[in-house]
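We count ligands from 1, going down the list as the structure has it; atoms in each ligand are counted the same way.
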Amino acid sequence: MVGRLFVVFVALMIVSSCETLKTAKPIIPVKEYEAMIVGRLDANYVGTRNCLSACHFHDKIRQDFDASTMGVQLSRKSGMPIVDCESCHGPGSLAIEGLTPEKVEMDAKEGKQTACDYKSLIDLKNIPAPAQSLICLKCHSANATFNLHNWNASIHAISDVSCFDCHNVHIGPDLKVRPREIEAMCEKCHQQPKAEFSLPSHHPVPEKKVLCTDCHDPHSSFYEKSLRKPTVKETCTQCHGEKAGPFVYEHADNTEDCRTCHTPHGSVNMNLLNVGVPFLCLQCHPGHATDNVTASAKGAYYIRCTDCHSQIHGSDLPSTTGAGKFTF
Ligand code: HEC
Ligand code: HEC
Ligand code: HEC
Ligand code: HEC
Ligand code: HEC
Ligand code: HEC
Ligand code: HEC
Ligand code: HEC
Ligand code: HEC
């Protein structure tokens, strides 16, 4: 019995010390910080209920938001930061000042749509990109949202792309970008890949079988071109595992970087090749023929290299002479 009480006591101690660890101690309280952005220190938080009770203009926004992953956190029991309209739009007391049910009724009689004084809220659309992202990052710190670990050093952050550019908070309950929409979303800024994916040989991104985000992390990574994996080869062999090797007969160190022969997005040549066969091979090898062939067959030696050298990525089997020539 005493032992059990002791366990409970220790557990309580741990829980209570965690509570103090959890309490944030910001330099400026968030409220004042946001009121400063608005330019009015007399603004106060009023809560979603007060914000929206008088007029139902934003009911659709509210419904969508309540159904979203962030909206579900509204319960204090979740232990998550409370997310409501004012978490992003800033304190709303000034916006709803004078917004009484009577006024709404009067406006309705005159056929008018009642508007709150939304100019007193944070002007989300027009603040600079880093400030926009900061609205999100006050909760989505690198610790809270692991994917955002590299955000501050990312090419997107540095190039003034903000969270808002990709995440359309009020488009519906989906806060994440839906897989089907990713390509169009990226291509609104990246025209070059769009052109490449329309070439005859391309990764099936327009066909929605491969996503830009299979290879790139939109929030950036430690690796070149924000790739998800440390090297291009590892990026490719996620899906093309059979090309990873190691092989008994390697094609020198060519396959260490698939870009030696391939381009990732799209190409005019078959198989996403930088240069078509045989010219690809002839960049590094002379053409050849063997003696015992007819003159007409000889041509093949100079054209269709991979008809015979079919295991061009590496092979475990020797050719007929016992050497590795990628014929088997
Ligand atoms: C996670 C942050 C966030 C939360 C929470 C949020 N909003 Fe927004 N809201 C935004 C952003 C960002 C924009 C600006 C979007 C843009 O760039 O067009 C916006 C725009 C709006 C607009 C203008 C829409 C338009 O088409 O111009 C309204 C109205 C609005 N929000 C109402 C609400 C209401 C009501 C709630 C609470 C139910 C809410 N918002 C909660 C981030 C948020
Ligand atoms: C007041 C705190 C807070 C703010 C501000 C906030 N979020 Fe969130 N957000 C949360 C919480 C809590 C969750 C749910 C837990 C989770 O998935 O991390 C969440 C979830 C999300 C998700 C969905 C994650 C999933 O797995 O489905 C996205 C996307 C998101 N937020 C984007 C944003 C963007 C973009 C902004 C800025 C416009 C923003 N958030 C502002 C707290 C916040
Ligand atoms: C270049 C576009 C882009 C930008 C900019 C961007 N995101 Fe995302 N985000 C995405 C896509 C696409 C997904 C879908 C998941 C995936 O494939 O990684 C996503 C997923 C998420 C998720 C879901 C949780 C997770 O880890 O999978 C959260 C939360 C999130 N983003 C928050 C943010 C915040 C906060 C910012 C700004 C600091 C931001 N994003 C900036 C494109 C973007
Ligand atoms: C709002 C515009 C915008 C959107 C949307 C956007 N990007 Fe970008 N992205 C940029 C800018 C600006 C740069 C900086 C370099 C440049 O100009 O190409 C960049 C850089 C990059 C780079 C790095 C290029 C390099 O040289 O290192 C990659 C990779 C990239 N984006 C992928 C994506 C992907 C994948 C998506 C969709 C999930 C996406 N971007 C969505 C604007 C955008
Ligand atoms: C199969 C993997 C893969 C897919 C899918 C993919 N990329 Fe790439 N992307 C790469 C690799 C690898 C590079 C580096 C190419 C290089 O260095 O020549 C790259 C380079 C880039 C660059 C930088 C280009 C430059 O010239 O610096 C941008 C921007 C980019 N990709 C955007 C996108 C967008 C947008 C999509 C989707 C429409 C996409 N990528 C889909 C693998 C991929
Ligand atoms: C997310 C999975 C995925 C990743 C990562 C990936 N691929 Fe692919 N790759 C595919 C799919 C799917 C196809 C289409 C297969 C089909 O149509 O039968 C394909 C096709 C190809 C083709 C044949 C194209 C053609 O025209 O027939 C080549 C070559 C190729 N990939 C090389 C690469 C290289 C190089 C990389 C790394 C930059 C890479 N892949 C990364 C999934 C992937
Ligand atoms: C020395 C040049 C070279 C290098 C390096 C190379 N490839 Fe290839 N790859 C080719 C050629 C040539 C073809 C077309 C084969 C044919 O015509 O039969 C091809 C075809 C492919 C195909 C489609 C056909 C198939 O066999 O599935 C994939 C997928 C592929 N390569 C992936 C990769 C990956 C992943 C890497 C990097 C690990 C890589 N390649 C490196 C030359 C190369
Ligand atoms: C970027 C240069 C490069 C390209 C492109 C290239 N190779 Fe190679 N290849 C090499 C190197 C380097 C070796 C190793 C040479 C050695 O060990 O003597 C090699 C080895 C070979 C061998 C084995 C030679 C031997 O003596 O064992 C064959 C066969 C071969 N390549 C065929 C091809 C074919 C076919 C293509 C086109 C699909 C091609 N290579 C494209 C550089 C290249
Ligand atoms: C009709 C089949 C065939 C075609 C087509 C062919 N090769 Fe070969 N290749 C061979 C054979 C067989 C060998 C000798 C293999 C052995 O020694 O076991 C060989 C050997 C090689 C070697 C090794 C050099 C040496 O002297 O051992 C290289 C490099 C090579 N081929 C490159 C190419 C290139 C590049 C092309 C296209 C321009 C090509 N091959 C087209 C069948 C072919």
Side-chain angles (χ1 to χ4, degrees), residues 69-70 129-130 132-142 144-149 151-152 154-157 159 161-167 174-179 181-194 196-197 202-206 209-220 223-229 231-233 235-236 238-240 257-259 262-266 272 274 277-290 293 297-310 312 318-328:
T69 352
M70 280 198 290
Q132 291 179 333
S133 294
L134 217 51
I135 302 272
C136 313
L137 291 168
K138 72 184 179 195
C139 298
H140 291 282
S141 64
T145 308
F146 189 76
N147 272 10
L148 293 169
H149 234 76
W151 171 259
N152 285 329
S154 74
I155 182 104
H156 279 148
S159 313
V161 177
S162 90
C163 317
F164 299 4
D165 286 317
C166 301
H167 294 279
D174 292 301
L175 297 162
K176 280 203 209 180
V177 186
R178 280 178 289 197
E181 288 157 6
I182 288 177
E183 188 199 0
M185 192 266 286
C186 304
E187 287 176 349
K188 118 188 134 182
C189 300
H190 294 290
Q191 300 295 322
Q192 182 68 22
K194 186 185 167 82
E196 289 164 355
F197 282 108
H202 58 259
H203 267 114
V205 170
K209 288 184 191 152
V210 175
L211 306 174
C212 309
T213 49
D214 285 334
C215 298
H216 300 284
D217 189 331
H219 308 123
S220 181
Y223 318 120
E224 68 165 314
K225 310 288 178 196
S226 300
L227 290 177
R228 286 202 185 268
K229 298 280 171 189
T231 61
V232 171
K233 179 172 183 168
T235 305
C236 307
Q238 286 179 96
C239 301
H240 302 291
D257 190 339
C258 311
R259 283 175 298 189
H262 295 287
T263 178
H265 298 156
L272 289 167
N274 294 330
V277 176
F279 304 107
L280 175 72
C281 318
L282 293 172
Q283 290 177 118
C284 304
H285 299 286
H288 72 88
T290 46
V293 280
K298 259 185 186 158
Y301 283 95
Y302 290 91
I303 303 170
R304 303 206 311 257
C305 316
T306 46
D307 277 6
C308 303
H309 301 285
S310 59
I312 203 64
S319 62
T320 42
T321 54
K325 312 287 186 199
F326 316 129
T327 46
F328 301 106

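Under a 4.0 Å criterion applied to the non-hydrogen atoms of His285, ligand 9 contributes the atoms 29 (C), 35 (C). Which parts of ligand 3 touch His156 is read off a 4.0 Å heavy-atom cut-off, strictly below it: atoms 1 (C). Under a 4.0 Å criterion applied to the non-hydrogen atoms of Ser162, ligand 3 contributes the atoms 5 (C). Interface of Cys136 with ligand 3, defined as ligand atoms under 4.0 Å from a residue heavy atom, comprises 35 (C). Residue-ligand proximity, Glu187 to ligand 5, at heavy-atom distances under 4.0 Å covers atoms 38 (C). Residue-ligand proximity, Cys308 to ligand 9, at heavy-atom distances under 4.0 Å covers atoms 1 (C), 2 (C), 3 (C), 4 (C), 5 (C), 42 (C), 43 (C). Every atom of ligand 9 with a heavy atom of Cys281 under 4.0 Å away is listed here by number and element: 35 (C). Atoms of ligand 3 lying under 4.0 Å from any heavy atom of Leu137, numbered from 1 in the order shown and given with element: 38 (C). Close approach of ligand 5 to His190 (heavy-atom distance below 4.0 Å) involves ligand atoms 29 (C).
Going from atom CD of Glu181 over to atom SG of Cys186 covers 11.5 Å, rounded to the nearest 0.5 Å. Here the straight-line distance linking atom CD of Gln132 with atom CG of Leu137 works out to 11.5 Å at 0.5 Å rounding.
Contact analysis puts Leu211 in contact with ligand 5, with a non-hydrogen atom separation below 4.0 angstrom. Ligand 5 has at least one atom lying under 4.0 Å from a heavy atom of Val210.
For atom 31 (N) of ligand 5, the nearest protein heavy atom lies closer than 4.0 Å. For atom 24 (C) of ligand 5, no protein heavy-atom neighbour is found at a distance under 4.0 Å.
Distances between N or O atoms of Asn147 and those of ligand 3 include at least one value under 3.5 Å. In terms of N/O distances under 3.5 Å, ligand 5 is not approached by Glu224. Ligand 5 has a nitrogen or oxygen under 3.5 angstrom from a nitrogen or oxygen of His265. Among the atoms of Glu183, none of the N or O lies under 3.5 angstrom from an N or O of ligand 5. At least one N or O atom of His167, backbone or side chain, sits closer than 3.5 Å to an N or O atom of ligand 3.
When distances to atom 8 (Fe) of ligand 3 are checked against a cut-off of 2.8 Å, His219 contributes an N, O or S atom below that limit.
When distances from atom 8 (Fe) of ligand 9 to the N, O or S atoms of His309 are compared, NE2 comes out shortest.
Given atom 18 (O) of ligand 3, the protein heavy atom at minimum distance is Arg228 NH2, 3.4 Å. Protein heavy atom closest to atom 35 (C) of ligand 5, with residue, atom name and distance, is Cys186 CB, 3.5 Å. At the top of the distance list for atom 16 (C) of ligand 5, counting protein heavy atoms only, stands Arg259 NH1, 3.4 Å. From the protein, the heavy atom lying nearest to atom 27 (O) of ligand 5 is Lys225 NZ, 2.9 Å. Here the heavy atom of the protein found nearest to atom 2 (C) of ligand 3 is Cys166 SG, 2.0 Å. With hydrogens left out, the protein atom closest to atom 14 (C) of ligand 3 is Val177 O, 4.1 Å, a heavy atom. Nearest protein heavy-atom neighbour of atom 34 (C) of ligand 5: Cys212 SG, 3.7 Å. His216 NE2, 3.5 Å is the protein heavy atom nearest to atom 10 (C) of ligand 5.
Scanning Cys215, Gly266, Pro264 for the heavy atom closest to atom 11 (C) of ligand 5 points to Pro264. Closest heavy-atom approach to atom 28 (C) of ligand 5 within the set Pro206, Pro193, Cys239, Pro204: this belongs to Pro193. The residue among Cys305, Pro286, Ser310, Cys284 with a heavy atom at the shortest distance from atom 38 (C) of ligand 9 is Cys305.
Neither the backbone nor the side chain of Gln192 has any atom closer than 4.0 Å to an atom of ligand 5 (non-hydrogen atoms only). Neither the backbone nor the side chain of Ile182 comes within 4.0 Å of ligand 5, counting heavy atoms alone.
Shown here is Lys233, whose NZ atom has more than 12 heavy atoms of other residues, nucleotides or ligands within 6.0 Å.
Residues Gln283 and Leu280 are in side-chain contact: their nearest non-hydrogen atoms beyond the backbone lie under 4.5 Å apart.
Closest approach of Ile182 and Val177 over heavy atoms only: CG1-CG1, 3.7 Å. Nearest heavy-atom pair, Leu211 versus Pro179, reported as atom, atom and distance to 0.1 Å: CD2-O, 3.6 Å.
A perpendicular orientation is assigned to the rings of Trp151 and His219, their planes being inclined by more than 60° (bins at 30° and 60°).
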Audit row: Gln192, Glu196, side chain to side chain donor-acceptor pair (under 3.5 Å) steps and yes/no: CA-CA 6 Å; Gln192 182 68 22; Glu196 289 164 355; 3.2 Å; yes
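Between His265 and Phe197, the ring center distance clears the sub-6.0 Å criterion.
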